[in-house]
Amino acid sequence: MDVDRAVAGFAVHLRAERGFSENTVRSYRSDLAQLAGFARAHGVDGAEGISLELLRDWLWDGSQHGLAKSTLARRSAAARGLVSWLARTGAIDSDAAVRLKAPKPDRHLPRVLTRGQIDGILAGLAARSETGDAAALRDLAVVELLYASALRVSEVTGLDTNSVDRERLTVRVLGKGSKERVVPFGVPALRALEGYLESGRPQLVAGAERPVTAFFVTPGGRRLGTRAVYRLVSALLAELPGSGPSGPHTLRHTAATHLLDGGADLRAVQELLGHASLGTTQIYTHVSTERLTESYRSAHPRA
């Protein structure tokens with residue numbers, strides 16, 4: 001089996017059997033396409049020719065071209081997964097990647113907004129929505145829900161009309177690995193969602209040729225895409241001081257940190273975020289500690 005066919009087959013396996021998200025499959029396939037090109041450049045066309053030395057050279061080449069440690073770690077994981085799958089299915093005789101290692105990615109504290117900044121963003125969106133503009137009503141509902149429930153952007157755009165329970169104030173989302181969970185939201189988010197459902201969404205789905213199941217939509221009733229939400233949130237965060245990521249994930253980081261600041265249990269936050277590992281959630285405890293330290297130093301007379 002040539003390497004390109006192996007990569008295509010592995011992508012199908014990840015999607016159909018492992019339940020990986022489209023974003024993850026796309027990232028793995030892109031990484032492994034780079035590996036296939038590197039292998040061909042070194043005289044390796046067949047999957048049986050993928051050796052530990054070749055994989056190490058590939059990662060080293062990436063580091064020499066300035067790839068981040070996180071990218072190298074992802075490449076290493078993709079390569080190990082591919083070769084392991086090939087060995088399990090009998091396409092190759094042995095798993096050459098079992099001893100492949102990559103540098104541990106640097107651990108950066110996520111960007112977190114203050115409560116005042118969040119209040120300012122939501123107040124600005126609410127003021128725009130008072131005109132009755134459908135897109136403004138939708139944008140307010142999107143940002144309120146992102147912050148209220150600490151959802152991933154793909155989880156918000158993937159919502160259908162039957163995913164939201166306004167009586168119980170919960171949303172049912174499909175997270176990573178096709179794992180379903182139910183997440184609560186608060187009364188301010190409920191008000192924004194109801195305003196959108198009552199006045200905004202009917203305008204946006206008007207003229208649609210078939211019934212629309214997507215909760216958040218564009219004019220004409222098409223499902224709102226993740227890129228549109230990225231543009232919305234990036235524009236809102238660009239107006240604020242501070243550096244760091246400016247996409248919707250910043251609202252997720254902010255919500256998790258504010259929950260811990262308010263005394264929420266770490267396990268409860270893990271469940272809310274849909275993290276498989278508690279260790280992934282624990283980064284927010286470092287953010288909360290850092291914020292506490294800063295507050296202490298700025299406020300305590302003997303700090």
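Note: hydrogens, waters and symmetry copies are ignored here, and every other heavy atom, side chains too, is used.
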Below 3.5 Å, can you tabulate the donor-acceptor pairs from side chains in residues 82-93 to any protein atom, sequence neighbours excluded?
| from | atom 1 | to | atom 2 | distance (Å) |
| --- | --- | --- | --- | --- |
| Ser84 | OG | Arg88 | NH1 | 2.8 |
| Thr89 | OG1 | Trp85 | O | 2.9 |
| Thr89 | OG1 | Leu86 | O | 3.1 |

Please set out all donor-acceptor pairs under 3.5 angstrom arising from side-chain atoms of residues 49-68, sequence neighbours excluded.
| from | atom 1 | to | atom 2 | distance (Å) |
| --- | --- | --- | --- | --- |
| Ser51 | OG | Leu54 | N | 3.1 |
| Ser63 | OG | Trp60 | O | 2.6 |
| His65 | ND1 | Asp61 | O | 2.8 |

Result block: side-chain N/O donor-acceptor pairs under 3.5 angstrom for residues 2-13, not counting sequence neighbours:
| from | atom 1 | to | atom 2 | distance (Å) |
| --- | --- | --- | --- | --- |
| Asp2 | OD1 | Asp4 | N | 3.1 |
| Asp2 | OD1 | Arg5 | N | 2.7 |
| Asp4 | OD1 | Arg40 | NH1 | 3.2 |
| Asp4 | OD2 | Arg40 | NH1 | 2.8 |
| His13 | ND1 | Glu17 | OE1 | 3.3 |

Donor-acceptor contacts, no H, no angles, side chain residues 189-204, under 3.5 Å, sequence neighbours left out:
| from | atom 1 | to | atom 2 | distance (Å) |
| --- | --- | --- | --- | --- |
| Tyr196 | OH | Phe215 | O | 2.6 |
| Tyr196 | OH | Val217 | N | 3.2 |
| Arg201 | NE | Ala214 | O | 3.3 |
| Arg201 | NE | Phe215 | O | 3.2 |
| Arg201 | NH2 | Val212 | O | 3.0 |
| Arg201 | NH2 | Ala214 | O | 2.8 |
| Gln203 | NE2 | Gly132 | O | 3.2 |
| Gln203 | NE2 | Ser199 | O | 2.8 |

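Contact check for Leu125 versus Leu236: side-chain heavy atoms found under the 4.5 Å cut-off. Using a 4.5 Å heavy-atom cutoff, the side chains of Leu113 and Thr257 are not in contact.
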Given side-chain contact (heavy atoms from CB on, under 4.5 Å), test Thr250 with Leu237 step by step and report yes or no.
CA-CA 9 Å; Thr250 296; Leu237 300 188; 3.8 Å; yes
Where do Phe216 and Thr157 land on the side-chain contact (heavy atoms from CB on, under 4.5 Å) test, with the steps shown first?
CA-CA 6 Å; Phe216 290 114; Thr157 57; over 6 Å; no
Evaluate the side-chain contact (heavy atoms from CB on, under 4.5 Å) criterion for residues Val171 and Val182: first the C-alpha distance (whole Å), next the side-chain angles of each, then the deciding distance (0.1 Å), finally the verdict.
CA-CA 6 Å; Val171 289; Val182 176; over 6 Å; no
Might you work through the salt bridge (Lys or Arg N to Asp or Glu O under 4.0 Å) test for Arg181 and Glu155, ending with a clear yes or no?
CA-CA 11 Å; Arg181 70 186 192 281; Glu155 293 170 345; 2.8 Å; yes
Just do the salt bridge (Lys or Arg N to Asp or Glu O under 4.0 Å) check on Asp160 and Arg223 with the steps written out, would you?
CA-CA 9 Å; Asp160 289 329; Arg223 185 179 296 275; 2.6 Å; yes
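Hydrophobic clustering (side-chain heavy atoms under 4.5 Å, transitive across Ile, Leu, Val, Met, Phe, Trp, Tyr) groups Val229 together with Val183. There is a path of hydrophobic side-chain contacts, each under 4.5 Å, that joins Val25 to Leu35. Under a hydrophobic clustering in which Ile, Leu, Val, Met, Phe, Trp and Tyr are joined whenever their side-chain heavy atoms come within less than 4.5 Å, directly or via other members, Leu137 and Val205 fall into different clusters. By the criterion of side-chain heavy atoms lying less than 4.5 angstrom apart, applied directly or through intervening Ile, Leu, Val, Met, Phe, Trp or Tyr residues, Leu140 is grouped together with Leu240 in one hydrophobic cluster. In this structure, Ile118 is a member of the same hydrophobic cluster as Val142, with clusters built from ILVMFWY side-chain heavy atoms closer than 4.5 Å.
The backbone N or O of Asn23 sits less than 3.5 Å from a side-chain atom of Ser27, completing a donor-acceptor pair.
Between Leu146 atom CG and Arg252 atom CZ the span is 10.0 Å, to the nearest 0.5 Å. Annotation: the span from Ser70 atom OG to Arg75 atom CZ amounts to 11.5 Å, rounded to 0.5 Å. Between Arg152 atom CZ and His249 atom NE2 the span is 7.0 Å, to the nearest 0.5 Å. Between atom CG of residue Leu159 and atom OG of residue Ser149 there is a gap of 9.0 Å, rounded to the nearest 0.5 Å. Rounding to the nearest 0.5 Å places CG of Leu151 at 11.0 Å from CG of Leu251. To the nearest 0.5 Å, atom CG of residue Asp31 and atom CZ of residue Arg74 are 4.0 Å apart.
The shortest heavy-atom contact between Val143 and Leu232 is CG2-CD2, 3.9 Å. When every heavy atom of Val153 is checked against every heavy atom of Tyr230, the shortest pair comes out as CG1-CE1, 3.7 Å.
For the 3.5 Å distance criterion, the side chains of Arg80 and Ser76 qualify, holding a donor opposite an acceptor.
Pairs engaging residues 206-221 under the salt bridge (Lys or Arg N to Asp or Glu O under 4.0 Å) rule: none recorded [sequence neighbours left out]. Residue pairs meeting the ring-ring contact (aromatic ring centres under 6.0 Å, His included) criterion with at least one member in residues 134-174, sequence neighbours excluded: Tyr147-His258.
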